[in-house]
Enquirer: 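Just passing along the structure, written as structure tokens.
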Amino acid sequence: INNDYKIKTVRVMSNLDENFKHLLKKFGPPRNRVPLTADQYKTMSNYIPASYMAYMQEFGFGSLHNGLFWLCDPERFRPLLALIFKADTELYHDSVHVTGYSVFGELTCWSDKYFELTIDLVLGQVFCPALLPDFTPPLASPDHMAFGLIAKPEFIDYFDINGGTGVCTVFGHARPA
């Protein structure tokens, strides 16, 4: 990391929520960045919390954690969500928004009603903490909760059904050909 990057990061970080500042310091900015268009920003701002949108406006779509996790345009996943939630009585495809995905087929989503949820395409499961019987609603605001949309590396590795050692732990990270 050169000094230009450090200076820019300090300037940029002053506009970000404290949770996003922490994530940026710990993991760095996304790589392979693609800025949001004005239309993407306007559309996403209708359903994604402002703290996440400030991060996205500054850094755009891109990869984190050596390409294991990608921040994405939710609109590109609308057809997939329509298939997943077509008959669901709690989750509707127009109120769930994919904000990122892992190389192992896990979609990180924001829900207008339930905040964060995860869709595991490999196992065919949706995990929504807010729908668990013993769920206690968070006291935090949606802006505070939105930092969870940036996956942490320890949650990205893929474990077999019996909970063995993770794929990345055993084989290392994938490298471009």
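Heavy atoms only: backbone and side chains are in, while hydrogens, waters and symmetry mates are out.
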Enquirer: Give the minimum heavy-atom separation between Ala146 and Ser51, together with the two atoms involved.
Expert: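 Between these two residues, the closest heavy atoms are CB-OG, 3.8 Å.
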Enquirer: As a quick check of understanding, evaluate side chain to side chain contact (heavy atoms under 4.5 Å, CB included) for Phe59 and Leu24, giving each step before the final call.
Expert: CA-CA 10 Å; Phe59 298 105; Leu24 188 59; 3.5 Å; yes
Enquirer: Any side-chain heavy atom of Leu80 sitting closer than 4.5 Å to one from Ile84?
Expert: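 In short, these two side chains touch, coming nearer than 4.5 Å.
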Enquirer: Closest heavy-atom contact between Ser63 and Asn32?
Expert: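 Residues Ser63 and Asn32, closest heavy atoms: OG-ND2, 3.0 Å.
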Enquirer: Can a donor-acceptor pair be found between the side chains of His144 and Asp17 at a distance below 3.5 Å?
Expert: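 On atom types as modelled, these side chains do not qualify, holding no pair under 3.5 Å.
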Enquirer: Is it true that Asp120 and Gln125 share a donor-acceptor pair across their side chains at a distance under 3.5 Å?
Expert: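 Per modelled atom types, Gln125 and Asp120 side chains form no pair under 3.5 Å.
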Enquirer: Does Glu106 reach the side chain of Ile119, with side-chain heavy atoms less than 4.5 Å apart?
Expert: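 Sidechains of Ile119 and Glu106: no contact.
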Enquirer: I'd like to know if Phe61 and Ile150 are part of one continuous hydrophobic network [Ile/Leu/Val/Met/Phe/Trp/Tyr, side-chain heavy atoms within less than 4.5 Å].
Expert: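 Ile150 and Phe61: one cluster.
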Enquirer: For Ala50, does its backbone N or O pair with a side-chain atom of Asp143 as donor and acceptor, under 3.5 Å?
Expert: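 Yes.
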Enquirer: Nearest 0.5 Å, what's the CD1-OH distance between Ile48 and Tyr55?
Expert: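 It is 14.0 Å, given to the nearest 0.5 Å.
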Enquirer: Let me confirm one number: the CD-CG distance from Glu75 to Leu81, rounded to the nearest 0.5 Å.
Expert: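 One gets 10.0 Å once the value is rounded to the nearest 0.5 Å.
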Enquirer: Roughly how far, to the nearest 0.5 Å, is CG of Leu131 from CG of Leu117?
Expert: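 So the gap between those two atoms works out to 8.5 Å.
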Enquirer: Step through it carefully: locate the ring centre of Phe115, locate the ring centre of Trp110, and say whether they are under 6.0 Å apart.
Expert: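 Between Trp110 and Phe115, which both carry aromatic rings, the centre distance is below 6.0 Å.
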Enquirer: Which pair of non-hydrogen atoms, one from Cys109 and one from Leu149, has the smallest distance, and what is that distance?
Expert: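 Residues Cys109 and Leu149, closest heavy atoms: O-CD2, 3.6 Å.
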Enquirer: Give, for atom CG of Leu36 and atom CD of Glu58, the distance between the pair rounded to the nearest 0.5 Å.
Expert: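 Output value for this atom pair is 11.5 Å.
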Enquirer: Contact between Thr108 and Val98 at the side-chain level, heavy atoms closer than 4.5 Å - yes or no?
Expert: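 They are not in side-chain contact.
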Enquirer: Report the distance from atom CE of Met145 to atom OH of Tyr52, rounding to the nearest 0.5 Å.
Expert: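 These two atoms lie 15.0 Å from each other.
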Enquirer: Looking only at heavy atoms, what is the nearest atom pair of Gly148 and Glu116, with distance?
Expert: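 Nearest heavy atoms, Gly148 then Glu116: O-OE2, 3.2 Å.
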Enquirer: Per the side-chain hydrogen bond (donor to acceptor under 3.5 Å, both in side chains) rule, what does the pair list look like for residues 82-96, sequence neighbours excluded?
Expert: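 For residues 82-96, and leaving out neighbouring residues, the side-chain hydrogen bond (donor to acceptor under 3.5 Å, both in side chains) pairs sorted by first residue read Glu90-Tyr114.
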Enquirer: Is there a side-chain contact between His65 and Phe27 in this structure, where contact means two heavy atoms from C-beta onward sitting under 4.5 Å apart?
Expert: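 Counting from C-beta outward, His65 and Phe27 do come under 4.5 Å.
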Enquirer: Indicate if Leu121 and Phe127 have the same hydrophobic cluster label, given that clusters are the connected sets of ILVMFWY residues with side-chain heavy-atom separations under 4.5 angstrom.
Expert: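 No, separate clusters.
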Enquirer: Are Thr99 and Leu71 close enough that some pair of their side-chain heavy atoms sits under 4.5 Å apart?
Expert: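 No, every pair of side-chain atoms sits at 4.5 Å or beyond.
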Enquirer: Could you pull out the closest heavy-atom pair between Gln40 and Pro35, with the gap in Å?
Expert: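 In this case the closest contact between Gln40 and Pro35 is OE1-O, 4.0 Å.
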Enquirer: Look at atom CZ of Arg78 and say whether more than 12 heavy atoms of other residues, nucleotides or ligands are closer to it than 6.0 Å.
Expert: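 More than 12 heavy atoms, drawn from other residues, nucleotides or ligands, come within 6.0 Å of this atom.
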Enquirer: Measuring only between side-chain heavy atoms, which start at C-beta, is Pro30 closer than 4.5 Å to Phe69?
Expert: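 Side chain of Pro30 against side chain of Phe69, heavy atoms only: no contact under 4.5 Å found.
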Enquirer: Would you say Tyr101 ends up clustered with Val103 if hydrophobic residues are merged whenever their side chains have heavy atoms under 4.5 Å apart, either directly or through other cluster members?
Expert: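 Shared cluster, no.
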Enquirer: Decide whether Phe20 and Met44 are clustered together by the hydrophobic rule: side chain heavy atoms of Ile, Leu, Val, Met, Phe, Trp, Tyr closer than 4.5 Å, transitively.
Expert: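 Yes, because Phe20 and Met44 connect within a single hydrophobic cluster, where side-chain heavy atoms sit under 4.5 Å apart.
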Enquirer: With side chains defined as the heavy atoms from C-beta onward, is the minimum distance between Met53 and Gln57 less than 4.5 Å?
Expert: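 No, their side chains stay 4.5 Å or more apart.
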Enquirer: Would a single hydrophobic cluster contain both Phe85 and Tyr47, if residues Ile, Leu, Val, Met, Phe, Trp and Tyr are joined by side-chain heavy-atom contacts under 4.5 Å?
Expert: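 Result: no, two separate clusters.
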Enquirer: If you measure from the Lys or Arg side-chain nitrogens to the Asp or Glu carboxylate oxygens, is any gap between Lys21 and Glu18 under 4.0 Å?
Expert: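 Judged by the 4.0 Å cut-off on N to carboxylate O distance, Lys21 and Glu18 do not form a salt bridge.
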Enquirer: If you measure from CZ on Phe104 to CG on Leu123, what distance do you get to the nearest 0.5 Å?
Expert: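 Answer rounded to 0.5 Å: 12.5 Å.
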Enquirer: Is any side-chain heavy atom of Leu107 less than 4.5 Å from a side-chain heavy atom of Phe77?
Expert: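 Of all side-chain heavy-atom pairs linking Phe77 with Leu107, at least one is under 4.5 Å.
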